[in-house]
Amino acid sequence: MYIISSAADIKQKAEQIRRSGKTIGLVPTMGALHEGHLHLLRTAAQENDIAVCSIFVNPTQFNNADDFDLYPRVIEVDAALLTENKCEVLFAPAVSEMYPEALQLKFDFGPLETVMEGRFRPGHFTGVAAVVSKLFHLVKPHKAYFGQKDLQQYAIIRRLVTDLSFDLELVCHPIVREPDGLAMSSRNRRLSGPERQVATHLYKALQLARDLMANKPVPEIRTAVTDYLKQYESIKLEYFEIADAHTLQPLTSVAPKTTVALCLAAFVGEVRLIDNLVVS
Ligand code: AMP
């Protein structure tokens, strides 16, 4: 596996791969890789000649300095996992490579970013859109792989690709979960033993909401989920939304045949986790 840290070098490498007629599948990550990331990577390796993974803890998408500082960084372990999983190129730049100058550009994705993550993490999606645009320009992938775990991020990137005419195909991979249902996340490794146990209730709350959808109105489902999570002292629910899965706008009632996204964010102890369940 090639390990590349400079923007100029990854650009050159990507151009060389393209000139040789091979296709590139890109998996952008922030590292501390887990089986969720590796699923994306293996899919990228299957569907393209060359799988490229980027690892970059992107400062512009963090609105909380502690969250950025405490984000796990284990590049040697990650590199070994990538080699075992058919990654041919790892792009792991320093902040100065990605941002030779401070970012000035601001994105505005309209209603898509005034809800959920956008509402609770102001500026987050500008950081995401900026770094993803830069990665697309540097790596020039034919296909780029993202997880449904970050459902709103995927919707934002879809908009970015459409609005800026990026010439690539986006792939959204289903959420990979632990056997007990907890969505895999790099942040899970910051949970203490008891917090890790309690964290399984986030997915259980989403399943409860899904089950109630058959015969309860939206306000009752919201209350049921809030009450369910209140039982656990270490969980602080930030939001639970019942949203249209395409527009991500909150629903006050669910019309027949609507695909619904049940989305939540919660602190478990000091660790902020998100999860979602899409129900057709
Ligand atoms: P991150 O390193 O958390 O920024 O994630 C990198 C990519 O992996 C994003 O597109 C995430 O949505 C995706 N991802 C993270 N966790 C999971 C998971 N449990 N299942 C599927 N995809 C995931």
Side-chain angles (χ1 to χ4, degrees), residues 25-45 47 51-64 67-68 70-75 77-79 81-82 85 87 90-93 95 98 116-118 121 124-136 139 141 143-161 168-191 196 199-200 202-203 206 245 248 261 263-265 268 271-278:
L26 171 67
V27 182
T29 80
M30 298 202 296
L33 301 178
H34 51 66
E35 204 42 47
H37 296 116
L38 297 177
H39 269 257
L40 267 66
L41 190 79
R42 290 194 288 266
T43 308
E47 296 182 354
V52 178
C53 180
S54 63
I55 294 184
F56 180 61
V57 185
N58 174 34
T60 64
Q61 73 186 69
F62 284 81
N63 52 333
N64 175 322
D67 193 23
F68 176 70
L70 294 171
Y71 202 86
R73 291 162 172 88
V74 286
I75 191 77
V77 180
D78 287 347
L81 282 171
L82 290 172
N85 283 276
C87 180
L90 164 59
F91 177 46
V95 171
M98 294 301 276
M116 301 194 286
E117 292 303 285
R121 302 180 70 186
H124 171 65
F125 286 122
T126 275
V128 169
V131 80
V132 168
S133 302
K134 282 168 183 275
L135 289 169
F136 286 171
V139 181
K143 290 189 177 188
Y145 296 78
F146 295 89
Q148 186 205 311
K149 160 94 183 338
D150 297 274
L151 186 69
Q152 193 173 7
Q153 168 175 283
Y154 187 73
I156 292 274
I157 293 169
R158 214 168 40 202
R159 195 72 246 171
L160 179 78
V161 165
L168 53 83
E169 186 186 327
L170 290 177
V171 179
C172 185
H173 195 289
I175 301 178
V176 181
R177 298 182 179 280
E178 300 287 355
D180 63 8
L182 177 65
M184 290 191 182
S185 164
S186 305
R187 290 184 171 89
N188 292 351
R189 49 178 97 192
R190 290 182 48 213
L191 298 170
R196 169 65 187 80
T200 60
L202 300 182
Y203 184 49
L206 293 176
L248 295 186
C263 305
L264 61 74
V268 180
V271 184
R272 186 176 184 277
L273 300 176
I274 58 171
D275 198 356
N276 68 79
L277 191 55
V278 173

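The figures that follow rest on heavy atoms only: side chains count, while hydrogens, waters and symmetry mates do not. Just follow the structure's listing: the first ligand is 1, and inside any ligand the first atom is 1.
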(request) In plain terms, say whether Glu35 and Arg177 are close enough for a salt bridge, that is, a side-chain N and a carboxylate O under 4.0 Å apart. (result) no

(message) Regarding Arg73 and Asp78, does a basic nitrogen lie under 4.0 Å from an acidic carboxylate oxygen?
(response) no

For ligand 1, does [X] get within less than 4.0 Å through its side chain, its backbone, both, or neither, judged by non-hydrogen atoms?
X     : result
His37 : side chain
Ala32 : neither
Leu40 : side chain

(request) May I ask you to test the Gln148-Tyr154 pair for a side-chain heavy-atom distance under 4.5 Å? (result) no

(message) Go through it in stages, so that I can follow the logic: the residues are Phe56 and Phe91, the test is ring pair (Phe, Tyr, Trp, His ring centres under 6.0 Å), and I'd like the CA-CA distance, side-chain angles, deciding distance and then a yes or no.
(response) CA-CA 8 Å; Phe56 180 61; Phe91 177 46; 8.1 Å; no

(message) With heavy-atom distances below 4.0 Å as the criterion, list the atoms of ligand 1 near Ile175.
(response) 20 (N), 21 (C)

(message) Out of all atoms in ligand 1, which are within 4.0 Å of some heavy atom of Met184? Include the element for each.
(response) 16 (N), 17 (C), 18 (C), 19 (N)

(message) Restricting to non-hydrogen atoms, name the atom on Ala265 and the atom on Glu117 that form the minimum distance, rounded to 0.1 Å.
(response) CB-OE2, 3.8 Å

(request) Using distance alone, determine whether Gly36 and ligand 1 share an N or O pair under 3.5 Å. (result) no

Please write down residue, atom name and distance for the protein heavy atom closest to [atom].
atom                    : result
atom 10 (O) of ligand 1 : Gly147 N, 2.9 Å
atom 15 (C) of ligand 1 : His34 CE1, 3.9 Å
atom 21 (C) of ligand 1 : Pro174 O, 3.4 Å
atom 11 (C) of ligand 1 : Asp150 OD2, 3.1 Å
atom 20 (N) of ligand 1 : Val176 N, 2.8 Å

(request) Select the closest option to atom 23 (C) of ligand 1 among Lys149, Met30, Gln153, Gln61, judged by heavy-atom distance. (result) Lys149

(message) For Leu26 and Leu135: C-alpha separation, side-chain torsions, deciding distance, then whether side chain to side chain contact (heavy atoms under 4.5 Å, CB included) applies.
(response) CA-CA 9 Å; Leu26 171 67; Leu135 289 169; 4.2 Å; yes

(message) Taking only non-hydrogen atoms of Pro28, do any sit less than 4.0 angstrom from ligand 1?
(response) yes

(request) Look at ligand 1 and say whether Tyr71 reaches it with a heavy atom at a distance under 4.0 Å. (result) yes

(message) For Met98, is there any backbone N or O sitting under 3.5 Å from a side-chain donor or acceptor partner on Lys134?
(response) yes

(message) Checking Leu168 against Lys143 for the side chain to side chain contact (heavy atoms under 4.5 Å, CB included) test, could you report, in this order, the C-alpha distance in whole Å, the side-chain angles of both residues, the deciding distance, and whether it holds?
(response) CA-CA 5 Å; Leu168 53 83; Lys143 290 189 177 188; over 6 Å; no

